[in-house]
Amino acid sequence: MNTIIGMTELILRKELPEKERHYLTKVAEAGHHLLDIINDILDFSKIEAERIQLESIPFQLEELILCVSDLISMKAQQKGLELLIDMGNVTAYHYKGDPLRLKQILLNLLSNAVKFTPKGEVLIRLHAHKERDGTYKIRFDIKDTGIGITEEQRERLFSAFSQADMSTTRNYGGTGLGLSIAQGLVAIMNGEIHCESHYGKGSTFWFEIPLQIDTTYSPPAQIPITKALKILVVDDNETALEIFTEILHQFGVECITCKSAKEALELLQNGFEADVAIIDWKMDGMDGITLYGLIQEHYGTQISSIMLVTAYDKEELITKLGSNQPYKVLVKPITASMLFDALADLCGHQRLLEPLACAHESDLSATVSLKGIRILLAEDNESNQMVASEILGEIGIQVYVTQNGQEALDWLATNPLPDLILMDCQMPILDGFETTRHIRDILKLTLPIVAMTANAMKGDEELCYKAGMNGYVAKPIDAQKLTQEIARCCHTPIVPVSHPKTETTSIQGINSTLAIQRLGGNTALYYQFLKRFTKEYVHFTQSYRNALLANDPQGAKRLCHTLKGIAGTLGMDALFALAQQAELSHHPMSQDDPLLRSIEQEIFSLTNRIQPLFQPIEQTLETPINPTMLTRLLAKLHSADATALDDAIVLANSVDATLLEAFEQIKAFEFENAIALIELYLTHIASQKEG
């Protein structure tokens with residue numbers, strides 16, 4: 001069946017007459033449907049024969065729930081349903097269990113909820129109840145506003161080959177095995193599953209399973225934003241309002257809710273003010289776009305920043321907004337971490353009030369003391385090599401770099417073992433998963449391995465643990481998260497370290513504040529990356545076309561993956577989204593693909609905005625060049641202070657070739673080269689004085 005589907009889809013990629021394409025599409029759809037039936041029957045048979053074997057590996061519940069919702073959200077959007085998530089009191093702990101089988105249960109229940117709900121909402125709600133010995137009983141509720149189930153239907157609901165819809169007209173498809181499989185899997189997990197329903201009003205399927213806490217993982221402390229912040233939430237869905245309220249109260253934020261645009265306007269007319277307004281798009285009566293426009297026109301001084309939220313097509317919303325874009329657009333379902341990140345992104349916006357900008361300053365400036373640790377880095381992307389090496393080098397970690405998994409294995413064979421391996425998941429020759437399995441199964445090494453993955457929210461986490469890794473960090477690399485994960489795996493205590501504050505240049509379309517925070521406050525490193533971007537990625541489209549000519553689809557995909565990484569590192573959100581879309585596309589794309597053109601235009605636009613930062617600075621200063629001044633400049637260069645460029649302008653007036661070259665190196669943010677040149681100059685003039 002896989003062969004039939006695969007060959008059919010290969011033919012569909014070619015230019016075909018409309019009728020033949022239609023027929024083959026039907027073949028592919030029927031093949032997928034039959035494959036689903038075969039998989040259901042196989043799973044059912046395994047459960048009946050008691051041949052199902054469960055894994056016990058660490059996983060993060062919120063990430064698993066988001067992954068499941070991603071898989072089902074398209075169907076919900078097509079039916080105009082709101083898909084909502086309420087994580088309740090479930091913490092950021094890693095739990096031990098079988099995430100793939102848990103995902104299968106949730107997908108079965110969610111698919112049914114969407115299938116049997118013509119309008120309204122589908123809610124995923126979790127609740128954790130602590131028991132003993134580090135075990136939590138987790139309850140999962142899948143609640144819908146669908147057709148409901150009668151008492152007679154409920155009695156046979158979990159029977160094999162049985163469905164709520166057993167009519168001859170059969171409005172809803174399926175094998176009738178999904179709920180039976182879900183019940184069997186829950187039972188194997190030592191849990192129970194039930195259904196509560198009111199015919200014509202909807203159903204709630206819920207199950208409880210015990211999960212053990214992974215004691216090797218320490219969840220990050222929740223960061224309160226600021227109690228001075230006030231947020232207005234406007235949404236006509238009462239469940240969504242409850243979820244927003246609960247999350248914001250956890251943050252320590254004052255939250256005011258309105259069930260309609262009319263209510264919100266009445267508040268504003270009475271002089272109400274808020275730092276942020278979170279507005280739903282599709283509401284009964286006046287919609288969110290209209291309310292957004294009215295606030296901008298009449299109440300701009302009362303609302304500092306606006307975030308639009310939608311349960312439907314984000315691109316359609318952005319198109320309808322045109323050039324009148326808000327500061328942030330979020331797609332439901334929304335979790336606490338997503339909302340926190342969105343609010344954190346708004347911190348850099350000049351119209352957002354100061355309390356939010358300062359809310360977690362002390363936390364973001366914290367790092368760890370890991371001096372003396374030796375790390376092997378397996379990473380094929382030069383930018384990621386540079387980020388990791390600079391971040392870790394600053395805190396005394398010795399980093400050895402290899403380009404792929406095979407090089408890492410060769411290095412391990414000829415060198416003393418490192419304290420930890422940082423392993424990229426996607427590499428040529430030998431990827432991170434295969435390399436880790438070789439280290440564990442063949443070399444029998446137990447040293448900690450931490451994955452670096454750009455797909456941590458898309459299910460790669462469970463693959464990392466399954467391969468034998470001990471943890472993971474998401475790309476773009478965040479300095480604080482990276483060092484905390486290394487400290488956890490190496491059992492090293494965290495020691496707060498303060499970083500000097502540096503001024504940054506605002507660049508339109510680039511979130512430089514957040515990007516520099518991710519780099520541990522290293523402004524000089526950030527500007528090095530900006531300069532490299534203007535030189536290396538201006539030819540991205542040509543590089544992609546070269547991959548086309550070389551018939552190298554994997555190379556073409558890797559180019560998009562690399563572009564996504566550097567865009568994320570530099571805070572180029574629009575380019576990151578385009579590169580991510582390109583990476584997920586079928587490769588190779590055609591030379592005139594609209595997506596490639598959009599990437600080319602975005603790179604061109606960003607390059608034009610960045611290049612003026614690196615133009616020769618024509619400015620004449622009267623400051624004399626003397627050893628004292630050069631010593632002060634060296635101190636700034638040693639501390640990677642980007643303001644050293646201001647002090648270095650005086651070197652442009654020098655007649656000495658060494659100092660002129662040092663000035664060029666400082667302009668390029670090659671501080672180490674500049675330090676060597678200035679020290680050479682100082683040594684030279686000192687020897688002249690002695691002579």
Side-chain angles (χ1 to χ4, degrees), residues 40 44 47 61 64-65 68-69 72-73 75-76 79 81-90 97 101-131 136-167 171-211 237-243 245-246 311 332-333:
D40 279 352
F44 178 74
I47 292 170
L61 259 179
L64 185 142
I65 295 295
V68 172
S69 70
I72 212 75
S73 61
K75 291 180 181 177
K79 296 185 71 173
L81 303 177
E82 284 206 20
L83 184 60
L84 303 168
I85 295 174
D86 181 3
M87 294 301 296
N89 66 336
V90 173
R101 291 300 182 181
L102 178 55
K103 188 186 295 182
Q104 186 177 358
I105 297 167
L106 289 167
L107 276 173
N108 265 320
L109 299 180
L110 273 171
S111 296
N112 281 343
V114 172
K115 184 193 299 182
F116 293 103
T117 304
K119 63 178 182 179
E121 69 184 47
V122 173
L123 170 67
I124 315 166
R125 175 170 279 149
L126 280 72
H127 182 80
H129 175 70
K130 189 173 183 179
E131 295 194 319
Y136 278 73
K137 184 166 281 187
I138 311 293
R139 172 164 169 153
F140 301 80
D141 288 80
I142 312 298
K143 182 179 180 182
D144 64 63
T145 56
I147 61 175
I149 303 168
T150 64
E151 189 64 32
E152 180 185 352
Q153 290 168 333
R154 281 176 57 194
E155 290 176 1
R156 51 184 167 77
L157 198 58
F158 292 96
S159 302
F161 303 101
S162 176
Q163 287 187 306
D165 176 29
M166 295 297 288
S167 64
N171 293 319
Y172 308 96
T175 61
L177 285 174
L179 290 177
S180 179
I181 291 170
Q183 184 186 49
L185 291 174
V186 169
I188 294 171
M189 293 178 179
N190 298 317
E192 54 180 323
I193 185 169
H194 298 280
C195 172
E196 299 168 0
S197 183
H198 297 282
Y199 186 69
K201 295 184 178 179
S203 307
T204 300
F205 284 80
W206 62 268
F207 65 98
E208 285 184 340
I209 56 171
L211 291 175
N237 185 308
E238 289 190 12
T239 307
L241 282 180
E242 290 173 9
I243 293 170
T245 302
E246 181 180 345
K332 295 177 182 177

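Along the sequence shown, residues carry numbers from 1.
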For residues 199-207, which side-chain N or O atoms pair as donor and acceptor with protein atoms under 3.5 Å away, sequence neighbours left out?
residue	atom	partner	partner atom	Å
Ser203	OG	Ser197	OG	2.9
Trp206	NE1	Glu196	OE2	3.3

Could you tell me which non-hydrogen atom of Met189 sits nearest to which non-hydrogen atom of Pro210, and how far apart they are? O-CD, 3.4 Å
For Val114, does its backbone N or O pair with a side-chain atom of Lys79 as donor and acceptor, under 3.5 Å? yes
I'd like to check the side chain to side chain donor-acceptor pair (under 3.5 Å) partners of Asn89; sequence neighbours left out, ordered by chain and number. His127
Shortest non-hydrogen contact from Ser69 to Leu83? O-CD2, 3.7 Å
Which atoms form the tightest heavy-atom contact between Leu211 and Gly97, and what is the distance? CD2-CA, 4.3 Å
Just wondering, do Leu185 and Leu102 contact through their side chains at under 4.5 Å, heavy atoms? no
Going through the distances and angles, do Ile72 and Val122 end up as a side chain to side chain contact (heavy atoms under 4.5 Å, CB included)? CA-CA 11 Å; Ile72 212 75; Val122 173; over 6 Å; no
Looking at side-chain heavy atoms only, is the closest gap between Asn237 and Leu84 below 4.5 Å? yes
Within a radius of less than 6.0 Å around CD of Glu238, do more than 12 heavy atoms belonging to other residues, nucleotides or ligands occur? no
Test item: Cys195 and Ile149 side chains (from C-beta on) under 4.5 Å apart, heavy atoms: yes
Nearest-0.5 Å distance, NZ of residue Lys103 to CG of residue Leu110: 12.5 Å
To check you understand the geometry: which heavy-atom pair defines the closest contact between Arg125 and Asp86, and what is its length? NE-OD2, 2.9 Å
Do Asn112 and Ile142 have side chains that get closer than 4.5 Å, going by heavy atoms? no
Atom pair CD1/CG of Ile138 and Leu61 - distance to nearest 0.5 Å: 6.0 Å
Keeping the roles fixed (side chain from Lys137, backbone from Gly191), state whether a donor-acceptor pair exists under 3.5 Å. no
What is the minimum heavy-atom distance between Val186 and Ile193, and which atoms define it? CG1-N, 4.1 Å
For the atom pair CZ (Arg101) and CG (Leu106), what is the distance rounded to the nearest 0.5 Å? 13.5 Å
Here the gap from Glu242 atom CD to Thr245 atom OG1, rounded to the nearest 0.5 Å, amounts to 8.0 Å
Side chain to side chain, Ile209 and Ile105, heavy atoms closer than 4.5 Å: no
Looking at CD of Glu82 and NZ of Lys119, how far apart are the two atoms once the value is rounded to the nearest 0.5 Å? 14.0 Å
Distance, nearest 0.5 Å, that separates CD of Gln183 from CG of Asn108: 12.0 Å
According to side chain to side chain contact (heavy atoms under 4.5 Å, CB included), who are the partners of Thr145, at least two apart in sequence or on a separate chain? Thr117, Glu121
